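This is a predicted model, so every value here is computed, not measured. Chain identifiers are assigned alphabetically (A, B, ...) following the order of the sequence lines, protein sequences preceding nucleic acid strands; residue numbering begins at 1 within each chain.
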Amino acid sequence: MTSVVWFRRDLRVEDNPALAAGVRSGKVIAVYVWAPEEEGHYYPGRVSRWWLKQSLSLLDSSLQNLGTSLITKRSTDSVLSLLDVVKSTGATHLFFNHLYDPFSLVRDHRAKEILTENGIVVRSFNADLLYEPWEVLDDEGQPFVTFSSFWDRCLRMPYDPQPPQLPPKRIISGDLSRCPSDTIIFENDSERGSNALLARAWSPGWSNANKALTTFINGPLLDYSTNRRKADSATTSFLSPHLHFGEVSVRKVFHQVRTKQILWANEGNTAGEESVNLFLKSIGLREYSRYMSFNHPYSHERPLLGHLKFFPWIVDENYFKAWRQGRTGYPLVDAGMRELWATGWLHDRIRVVVSSFFVKVLQLPWRWGMKYFWDTLLDADLESDALGWQYISGTLPDSREFDRIDNPQIEGYSFDPNGEYVRRWLPELARLPTEWIHHPWDAPEYVLQAAGIELGSNYPLPIVTINAAKSRLQEALTHMWQHEANTRAVLENGTEEGLGDSLEDTLIAFPQDMQMELDQETVRNRTTTPIRHYEDQMVPSLTSSLLRVEEDEDESSSDDRNLAHDNSRAEVPTDAMNRELLREPIQRELGQDFGAQSILPQFNMQIALRNSEDSPAESSSATTSRRERDGGVVPVWSPANSSNSESFVGEDNSYLQRHPQLNWRQLSQTG
DNA sequence: GCGGCTTTACG
DNA sequence: GTAAAGCCG
């Protein structure tokens, strides 16, 4: 028997449950499908593609050593390409590992549906997380809504994460003769030169990931606790790109780090113990990003909390440009942005500094910043990216307070006390004494002259002073509360006028220069296969486990639930991903006519389609319907259903109502 | 060792 | 903003 093993972001042969399943059951066809257009705006950036290219090539050599090779396919429809591979190789099974970003949730469900319809046995596995999102629930069976409660539970689960598995000793290859690889172009000519530098600093690939893990555990891990807040990042693990592409299993990381911790604990090495706790917390945040994405599949484009819905974001492309170029006049921010541009890397601490500056001082819409991180980071990761920006923007229950502005000058002396980081990335400030390095605008003229600095000329004055930013933020909040109150009054009067003029951040388009990049790529890579009509792809299923009685009343028989439970450890319960949508908005709005009210479709893939093609308006008449399938009830939704953020995060929304104790309310009330 | 003040952390 | 930790007399 032959199985297709579909590699995605699990580019390793070790501790890879899908590959192991394939090897166990007979002959293996290993395949990677490159179909970036399926991810809409989130076409991978230059450095991310560079990494992927190297990683795939190393995976291929490992597979060749074991007895097969990696088939690569260029596609605009992963699922149909998989079906082709299955048919041309005579495979009967498909195995893959779970992903939790919104695009994958939808695509993978569709893969299961279509391949199953074609008589293929499809099995999927957990390879990316310590625990599946649907395993980690509070005492009421609800998902956690704060990180610390989530992570506490993860560390106290009644069963351990699965121990990592060894790589297979050999692989029996399926028949590849009728399934040739496509050549995939990961970089264009203009990118090749910049990419050449990356190889000096980074070594992608699963075996290199293992080396990086060992190096970290035997070196910087011990002092992680004391060093972790220094901008000069020689003390971080550098594992994030490896983890993003699944070159090393997070379970292996967890296992090895925990082992070290026990060792240190026995030696009475409390500093080492504490370091491990802190490092594991960052692993936990990665887990939590998947958890959030799974439970709230729109978190990459819509705030989880709706209290900033009427915030007047400053839609200013010049600000945005100054931030990207590292010309804001704040040395720590600028050094970070230059480092990011030059290397695709940024210490976590500095990510917080630059993104907080972006949101609080510049008051730019957070999705622009998130998109820029996506485009430029070597470890660009949609779920982590979204979690980070929502945390900074104050749209999570456990976010930073929105009305507090961090001061880059103070942060500078804390994270870069000697100014070495700033001097490395801002050569124009290299000769400035440490006393002034994080606030050159206060330096006496003779000091500046001696350092060869002319503010406003070879280094900018602050783009906005912190005091101005503080008062501007207060004004903006006042404006927001006013607008919110007006809207509420209008709603209570029963008229709908005045609803249209709020500038919701989800409606703010990406700036042109960012979009052009995407559009060019989309056009350039267009193959003969037409892009499918989008609605076809938007059908998540109810295969599963977490269906609760109150959600589905009479329509879900207890048989369905019991049946689903049997499988719950291995299969993604795609209903859970819709839990939010199902429980409140969809049920509430069933039967309502959204029609023109349903405003713009906000799901990125739709926007991308609309931008790049004359697709016929998505027929976004936003129907919510249920249909029978496989003896179970399958809710069908289209993105326009939930495009109205009112239905997801509005003040009458479930997420807020369930957490009345959370501090976001203070914001609204102080107004 | 204690109280009171300052600093730091806060996902 | 609050609470814990660190520091000092």
Original post:
With A:S225, which residues qualify under side chain to side chain donor-acceptor pair (under 3.5 Å), at least two apart?
Top reply: none

**OP:** Report the residues that fulfil side chain to side chain donor-acceptor pair (under 3.5 Å) with A:D10, sequence neighbours left out, ordered by chain and then residue number.
**Re:** A:N97

Give me, pair by pair, the N or O atoms of the protein and of nucleotides 8-11 of chain B that are less than 3.5 Å apart, along with how far apart they are.
from: B:dC10; atom 1: OP2; to: A:R229; atom 2: NH2; distance (Å): 3.2
from: B:dC10; atom 1: N4; to: A:R404; atom 2: NH1; distance (Å): 3.4
from: B:dG11; atom 1: OP2; to: A:K281; atom 2: NZ; distance (Å): 3.3
from: B:dG11; atom 1: O3'; to: A:D398; atom 2: OD2; distance (Å): 2.6
from: B:dG11; atom 1: O6; to: A:D348; atom 2: OD2; distance (Å): 3.4

Subject >> Whole angstrom value for the distance that separates P of C:dG1 from NZ of A:K470 >> reply: 12 Å

Subject >> By side chain to side chain contact (heavy atoms under 4.5 Å, CB included) - contacts of A:N486 (at least two apart) >> reply: A:Q482

Subject >> By side chain to side chain donor-acceptor pair (under 3.5 Å) - contacts of A:D108 (at least two apart) >> reply: A:R8

**OP:** Please name all residues satisfying side chain to side chain donor-acceptor pair (under 3.5 Å) with A:R338, sequence neighbours left out, ordered by chain then number.
**Re:** A:E428

